[in-house]
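All values below come from the heavy atoms of this structure, side chains included, with hydrogens, waters and symmetry mates left out.
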Amino acid sequence: IDYFNNQIIVDLVEQQHKGIISILDEACLSVGKVTDTVCLDSMDTKLAQHPHYTSRKHSPTDKTMDFQKHFRIRHYAGDVTYSVEGFLDKNKDLLFQDFKRLMYNSSNPVLKEMWPDGQLSITEVTKRPQTAATLFKNSIVALVDKLACKVSGLFFFINLLIWLGRRTGSLMLVFSINLSLKKS
């Protein structure tokens, strides 16, 4: 496998205002009828010039991808095709703040620890909630920061993510690998 610098893939996924996560978050937080197809159209427009991104719109003769359904990222280990079906629903944080407060105020210490957002005041929780992709990215950054001081732990974590990413083809796991490598 020819390895190249992952920074270009990290930017493709996480770059502010231009990356896949930003585009996905923007679509989730938009008012009105926004669909997975609209999100893919937005990615196609914003990422059209990126050398590691393509979709059927940009490669109309590529019959391995469906129109308005698939996009592909060229990773160092090969091309991975993703389906946008369900992207927006999966990215929305559907847990209501009242539920989070209820869990945080539980007498069970495990439940309380699992829902730290429940301690926020009512004025803080009326803001737009973070999406699943943003929460995931933030938790990976925090985890990588904690593991960074333990080199062997970081390499174990990266190898585990690589193994999981290859088994599941998950965009989030591939993003985690790239972010982990970026931080190391």
Side-chain angles (χ1 to χ4, degrees), residues 9-40 42-43 71 73 80 82-184:
I9 303 299
V10 171
D11 290 344
L12 172 63
V13 174
E14 75 155 358
Q15 190 174 24
Q16 227 173 21
H17 308 296
K18 295 179 184 176
I20 292 173
I21 289 177
S22 293
I23 296 166
L24 188 57
D25 285 355
E26 182 181 314
C28 286
L29 299 175
S30 294
V31 177
K33 182 81 171 138
V34 180
T35 63
D36 294 327
T37 304
V38 171
C39 184
L40 180 60
S42 181
M43 287 193 301
F71 68 94
I73 296 176
V80 179
Y82 301 95
S83 171
V84 295
E85 289 182 331
F87 257 38
L88 295 179
D89 287 337
K90 292 174 186 173
N91 194 42
K92 291 177 183 171
D93 183 9
L94 300 176
L95 286 177
F96 298 104
Q97 295 300 328
D98 290 341
F99 178 75
K100 292 178 182 180
R101 274 196 295 284
L102 177 70
M103 293 294 110
Y104 179 77
N105 290 313
S106 170
S107 59
N108 183 320
V110 174
L111 283 177
K112 185 175 182 113
E113 189 175 329
M114 288 174 59
W115 304 102
D117 288 350
Q119 69 183 339
L120 299 175
S121 73
I122 193 72
T123 56
E124 291 177 290
V125 297
T126 55
K127 299 174 186 170
R128 286 182 172 177
Q130 291 183 325
T131 62
T134 298
L135 290 169
F136 181 80
K137 179 179 86 170
N138 293 344
S139 67
I140 291 296
V141 168
L143 181 60
V144 169
D145 286 344
K146 287 180 183 177
L147 290 173
C149 63
K150 300 176 178 140
V151 174
S152 63
L154 181 60
F155 288 121
F156 172 77
F157 176 68
I158 291 169
N159 287 330
L160 176 64
L161 287 175
I162 290 170
W163 179 78
L164 285 171
R166 286 184 179 151
R167 278 194 74 178
T168 64
S170 169
L171 175 64
M172 291 301 167
L173 289 175
V174 170
F175 163 70
S176 302
I177 296 163
N178 291 327
L179 183 62
S180 299
L181 293 173
K182 176 183 169 186
K183 290 282 187 178
S184 62

Could you measure the distance from the [atom1] atom of [X] to the [atom2] atom of [Y]? Nearest 0.5 Å is fine.
X	Y	atom1	atom2	value
Met43	Phe87	CE	CZ	6.0 Å
Leu102	Trp115	CG	CH2	10.5 Å
Thr35	Asp89	OG1	CG	10.5 Å

Nearest heavy-atom pair of [X] and [Y]: which atoms, and what distance?
X	Y	value
Ser22	His17	OG-N, 3.2 Å
Glu85	Lys90	O-NZ, 4.2 Å
Ile23	Cys39	CG2-O, 4.1 Å
Asn108	Val110	OD1-N, 2.8 Å
Lys112	Tyr104	CG-O, 3.0 Å
Gln119	Pro116	CG-O, 3.0 Å

- [ ] For the pair Ser42 (side chain) and Val38 (backbone), establish whether a donor and an acceptor sit closer than 3.5 Å, ignoring hydrogens and angles.
- [x]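 No: the side chain of Ser42 does not pair with the backbone of Val38.
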
Open item on the list: Treating Asp36 as the side-chain partner and Leu88 as the backbone partner, does any N or O pair qualify as donor plus acceptor under 3.5 Å?
Closed with: yes

Open item on the list: Going by side chain to side chain contact (heavy atoms under 4.5 Å, CB included), Asn91 matches just one of Thr134, Leu24, Ile21. Which one?
Closed with: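 For Asn91, the side chain to side chain contact (heavy atoms under 4.5 Å, CB included) check succeeds only for Leu24.
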
